[in-house]
Amino acid sequence: MSVRVIFLGPPGAGKGTQAQSLAHEWGVPHIATGDMLREAVAAKTALGLEAKRHMDSGGLTAQAEALDAVFTRAGIALDRVVFFDVSRAELLRRLTGRRVCKSCGRTFHLVSAPPKVAGKCDACGGELYQRADDSEATVATRLDVYQKQTAPLLDYYRRSGLLTEIAGEGPVNEVAEAIRKAVGQGVGR
Ligand SMILES: [Zn+2]
């Protein structure tokens, strides 16, 4: 059977990783809905025009409404919306941990891929630094913007009974299992 699920979650919540592997497991395409809408609008298809009308109307839930309209017109029913709940502290830890070598550009992560010697590149011994984009202040602002934009979306899907919140902080396989349960797709089904 086909599964139609939207994954929502802040930057750093791991939804891209889960979407890719679960889409593969379920044999369904993984589509970034923002890209899909932009492409449909650019191509001026009937769906695109309908989506544009909704997005132009503004509201904070414009994207959700545009998606609904596109899905309805295409005869697609959404099975579930999964929200990745990850604490702000954990998101900050994940998103501010990147370090880049000044000499060769190689990327490390203090949590998931630390260098062998603190502050030094494994490949060339160069000095590691933090990009401005990865600084705590920048990341905190990104998270604030996300939260502000997403709160109405969550309300929208909660009201429609489609929303399931899952704990997004555990190991990748546990998070995947929580999503399978939320969507009703057991392993090997
Ligand atoms: Zn290096």
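Atom set for the values below is all heavy atoms of this structure, side chains included, hydrogens, waters and symmetry mates excluded. Start at 1 and go down the list; that is how both ligands and their atoms are numbered.
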Worksheet item: Do Arg4 and Asp79 sit within salt-bridge range, that is, some charged N less than 4.0 Å from a carboxylate O?
Response: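 No, no charged N to carboxylate O under 4.0 Å.
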Discussion item. Between Arg131 and Asp134, does any side-chain N to carboxylate O distance fall below 4.0 Å?
Written reply: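 No, no charged N to carboxylate O under 4.0 Å.
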Item to complete: Starting from the Zn ion (ligand 1), count all protein N, O or S atoms within a radius below 2.8 Å.
Response: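 Of the protein's nitrogen, oxygen and sulfur atoms, 4 lie under 2.8 Å from the Zn ion (ligand 1).
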Item to complete: With sequence neighbours excluded, give me every ring-ring contact (aromatic ring centres under 6.0 Å, His included) pair touching residues 80-105.
Response: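 Passing the test, one end in residues 80-105: Phe7-Phe84.
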Discussion item. For Thr141 and Thr138, which I'm curious about, is there any donor-acceptor pair between the side chains at under 3.5 Å?
Written reply: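 No pair is found: no donor N or O on one side chain lies under 3.5 Å from an acceptor on the other.
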Discussion item. With no hydrogens and no angle check, just 3.5 Å: does a side-chain donor-acceptor pair link Glu169 and Ser87?
Written reply: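 Yes, Ser87 and Glu169 have a side-chain donor paired with an acceptor closer than 3.5 Å.
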Worksheet item: At their closest point, which heavy atom of Pro11 faces which heavy atom of Arg142, and how far apart are they?
Response: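 In terms of heavy atoms, the two residues are closest at CB-NH2, 3.5 Å.
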